[in-house]
Number of protein chains: 2
Amino acid sequence: MEELTERKSKILNIIIQNYLETGEPVGSRTISKYPDLNFSPATIRNEMADLEEMGYIIQPHASAGRIPSDKGYRFYVDGLIAEKDREITEIKDVMFERTERMEQVLKQVVKVLANNTQYATMISAPAISGTKVKFVQLSPVNEHQLLSVVMMSGNIVKNKLIELDNPLTAEETLKLNMLLNSSLNGLTIGDINLALISQMKSQAGEFEDIIEQVLKTVADTIEDEEGLEIYTSGATNIFKYPELSDSQRAKNFIEAFEEKEELKDLIADIEGAAEGEPGTGIQVYIGDESPIGSMKDCSVVTATYELGDGIKGTVGIIGPKRMDYKNVMDNLTSIKKKLEQIVKG
Amino acid sequence: MEELTERKSKILNIIIQNYLETGEPVGSRTISKYPDLNFSPATIRNEMADLEEMGYIIQPHASAGRIPSDKGYRFYVDGLIAEKDREITEIKDVMFERTERMEQVLKQVVKVLANNTQYATMISAPAISGTKVKFVQLSPVNEHQLLSVVMMSGNIVKNKLIELDNPLTAEETLKLNMLLNSSLNGLTIGDINLALISQMKSQAGEFEDIIEQVLKTVADTIEDEEGLEIYTSGATNIFKYPELSDSQRAKNFIEAFEEKEELKDLIADIEGAAEGEPGTGIQVYIGDESPIGSMKDCSVVTATYELGDGIKGTVGIIGPKRMDYKNVMDNLTSIKKKLEQIVKG
DNA sequence: GTTAGCACTCGAATAGTTGGAGTGCTAATA
DNA sequence: TATTAGCACTCCAACTATTCGAGTGCTAAC
């Protein structure tokens with residue numbers, strides 16, 4: 001593939017930036033008016049014809065200006081990522097109060113992000129696959145109910161009520177608690193195997209039922225979380241972009257956003273892609289690059305955040321291809337940092 | 001206001017039913033073809049003119065058929081509510097597995113409901129204003145952290161991490177637990193007043209800080225919940241109804257649905273209205289009757305469910321005015337029953 | 001290599017045209 | 001008196017020109 005001359009690349013960038021702002025196809029006249037490009041429209045036209053031939057821009061119809069193709073966007077975005085050691089613009093108004101409820105934080109983050117950027121946003125709760133049991137506690141609620149509390153690393157807490165056939169004495173409860181904690185603490189789900197389970201059961205004697213249920217809680221907890229909670233916000237922002245807001249498209253988009261099933265695929269894809277490279281953790285999908293059909297007219301920009309212990313999640317923005325990539329990337333980088341601080345902080 | 005003759009009311013019902021099915025204005029010819037109405041279109045037209053004058057139907061434009069007015073829908077719906085000792089159609093596929101996490105149940109309920117009815121649905125988590133403290137437990141996680149678990153009636157469990165300056169001994173923890181439980185059990189938020197608080201603090205001696213934090217947790221818990229969690233599903237179903245799916249309307253609707261602020265107003269309104277009358281607990285808002293502006297072209301049908309102890313929530317459906325009221329009401333009644341059984345069950 | 005000029009293309013917007021569905025009214029009928 | 005047939009009228013929706021302007025590609029001149 002031929003290199004772009006400097007002038008071509010300048011023109012291409014102008015086309016893209018202009019299109020990002022206006023959403024209208026860009027004509028040669030418009031470009032020729034830019035101060036650092038002192039050529040007549042005709043010259044520009046020649047260059048544009050070249051750029052089109054090379055696949056960077058597209059003419060939506062014969063007598064219209066040009067708009068960027070996916071390849072054109074890709075060129076632009078790659079340029080941005082390259083110069084991405086820019087100063088970070090602070091996210092305003094995110095009050096990361098120290099709630100232990102990650103959920104609340106995440107909900108707030110997507111909301112603020114959607115507000116800041118005016119695109120649709122999503123965030124996945126940290127997947128806790130590699131997570132360890134930090135703490136287990138059984139507490140009698142009344143004669144027939146036992147509350148089991150399980151805390152995993154990342155301070156994720158889950159509760160489950162266990163129904164009792166026969167009441168437990170305080171002493172028995174204590175014993176079970178000790179057994180559970182000494183056996184489970186520091187283990188990941190993978191570590192809890194059949195051998196361990198049967199060993200615990202035999203130690204629990206007549207209370208093996210309870211052990212069984214607690215383990216089920218642990219498993220549920222993890223599975224629950226593995227079910228990959230995703231929070232979204234600002235889906236309706238797409239109505240702000242005419243090229244996306246016709247009824248059919250909007251329906252598909254919002255549906256995908258509401259149901260979240262497809263978003264899960266997307267996130268799986270992203271986290272897979274993020275695996276290898278260290279870098280900024282920022283991924284960009286343009287148009288068809290995204291695995292979601294209903295988003296083939298969109299761009300997806302995501303950042304993967306890590307909370308240590310292999311716990312990580314993804315935060316992202318979905319908007320029109322003509323999105324303000326610069327601003328979006330800054331926002332995401334900033335959020336990624338904040339999230340990573342919360343846990344350490 | 002004059003009574004409707006039997007023939008007029010028959011015609012009105014036919015107009016509404018036909019419009020519910022087709023979404024198209026209904027003309028006199030169409031009506032005259034109904035088997036139990038052997039009159040010529042001309043006669044029907046006369047009756048229709050009367051009905052229009054009385055405000056039950058509307059002509060969207062001069063040479064179109066008639067569509068029901070809000071008043072017309074009201075007439076129809078009132079008729080339905082009156083005959084509402086019908087058999088209940090079972091909700092298919094709702095697997096109310098006994099998760100203690102009400103949240104999961106509610107999420108599932110709205111989803112199923114949206115699927116069943118093909119309208120947009122919402123459900124509010126039970127408000128726990130009148131709720132009592134059932135159980136409090138402090139557990140040391142490590143030297144610097146204490147996990148407080150508070151369970152309220154309705155089996156709502158909340159956790160909060162408390163940061164410790166100095167580690168607690170097992171004995172001290174035990175004492176605090178006893179103090180908390182004996183002092184708080186069975187109390188509602190209203191019962192926890194200043195006198196009680198200072199009394200507890202003095203009993204706790206040097207640990208008054210911890211008491212303070214636990215009480216804060218209780219307050220938070222309740223406030224959190226008072227913040228009225230609302231789950232929604234099927235917002236995009238409105239795209240199925242052409243009369244609602246133009247861009248502007250859809251945007252407003254889905255926005256209101258996503259942000260949920262307005263839904264809260266709606267639910268407050270509903271629960272206020274449901275206060276007095278026992279009845280079926282079913283409320284119907286038609287068009288402007290609803291407090292939400294963006295839903296003035298919709299109907300809202302809701303049921304209030306009660307879990308005892310004054311804990312109650314609302315489940316509802318929002319769709320076009322031409323909604324299948326009968327089916328919707330049946331569904332809601334059925335869900336109301338199921339929800340009320342869960343707690344007793 | 002750059003530019004001016006010009007014919008050409010296409011889409012968006014605007015303005016007619018038509019046809020059908022539905023009405024209201026009047027006069028005839030049972 | 002209640003019902004019906006007939007008819008002129010209205011209005012919308014769909015379709016078809018028509019126009020206008022923005023933008024192009026090409027060619028010839030600079």
Side-chain angles (χ1 to χ4, degrees), chain A residues 2 4-12 14-16 18-19 21-69 72 242-243 245-247, chain B residues 2 4-12 14-16 18-19 21-69 72 242-243 245-247:
Chain A
E2 321 91 332
L4 287 178
T5 65
E6 175 158 355
R7 191 168 73 183
K8 279 195 177 53
S9 110
K10 216 177 219 167
I11 291 178
L12 179 52
I14 289 179
I15 292 178
I16 295 178
N18 191 291
Y19 182 67
E21 282 166 30
T22 64
E24 300 286 315
V26 187
S28 53
R29 249 183 87 77
T30 317
I31 298 175
S32 77
K33 291 211 192 90
Y34 271 68
D36 47 342
L37 224 39
N38 281 319
F39 301 98
S40 81
T43 312
I44 307 289
R45 279 206 288 280
N46 288 329
E47 295 287 51
M48 284 165 86
D50 289 353
L51 283 170
E52 178 159 20
E53 202 174 324
M54 293 160 116
Y56 288 102
I57 51 180
I58 291 173
Q59 214 174 358
H61 57 83
S63 73
R66 305 303 214 288
I67 63 176
S69 69
E243 69 267 41
S245 66
D246 68 285
S247 219
Chain B
E2 319 91 332
L4 287 178
T5 65
E6 175 158 353
R7 191 169 72 183
K8 279 194 176 57
S9 109
K10 216 177 219 165
I11 291 178
L12 180 51
I14 287 179
I15 292 178
I16 295 178
N18 192 290
Y19 182 67
E21 282 165 31
T22 66
E24 299 286 315
V26 186
S28 53
R29 249 184 86 78
T30 316
I31 298 175
S32 76
K33 290 210 193 91
Y34 271 69
D36 48 342
L37 224 42
N38 282 319
F39 301 99
S40 81
T43 312
I44 308 287
R45 278 206 288 280
N46 288 328
E47 295 288 50
M48 284 165 86
D50 290 352
L51 282 171
E52 179 159 18
E53 203 175 324
M54 292 159 119
Y56 288 102
I57 53 181
I58 291 173
Q59 214 173 0
H61 59 81
S63 73
R66 307 301 215 289
I67 64 175
S69 68
E243 69 268 40
S245 66
D246 68 285
S247 218

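Here is the naming used below: chain letters follow the sequence lines, and residue numbers restart at 1 for every chain.
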- For every nucleotide of nucleotides 19-26 of chain D, 5' to 3': is a protein heavy atom under 4.0 Å from its base (B), only from its sugar-phosphate (S), or from neither (-)? ---BSBBB

- Is the side chain of B/Ser9 donor-acceptor paired with the backbone N or O of B/Leu4 at a distance under 3.5 Å, no angle test? no

- Note on the structure: Taken to the nearest whole Å, CD1/B/Ile67 to P/D/dC12 is 14 Å

- Taking atom P of D/dA2 as reference, at what distance in whole Å does atom CG of B/Asp50 sit? 12 Å

- Enter the distance from A/Lys8:NZ to A/Glu6:CD here, rounded to the nearest 0.5 Å. 12.5 Å

- Choosing from C/dT2, D/dT3, D/dT4, which nucleotide comes nearest the side chain of A/Arg7? C/dT2

- Message: Measure CD1/B/Ile58 against P/C/dG22 and give the value in whole Å, please.
- Response: 18 Å

- Task: Can you establish whether the number of heavy atoms outside A/Arg29 located under 6.0 Å from its atom CZ is more than 12?
- Result: no

- Message: Any heavy-atom pair between the side chains of A/Ile15 and A/Tyr56 that's under 4.5 Å?
- Response: no

- Query: Is a side-chain N or O of A/Ser28 found less than 3.5 angstrom from the main chain of A/Arg45, in a donor-acceptor match?
  - Reply: no

- For B/Asn38 and C/dA30, give me the distance from atom CG to atom P, rounded to whole Å. 18 Å

- Item | First encountered from the 5' end of DNA chain D, between B/His61 and B/Phe39 | B/Phe39

- Note on the structure: When rounded to whole Å, the CD to C1' distance for the pair B/Glu24 and C/dG22 reads 13 Å

- Item | Between C1' of C/dA4 and CD1 of A/Ile44, the distance in whole Å | 15 Å

- Criterion side-chain contact (heavy atoms from CB on, under 4.5 Å) on A/Arg7 and A/Ile11, from CA distance to verdict: CA-CA 6 Å; A/Arg7 191 168 73 183; A/Ile11 291 178; 4.3 Å; yes

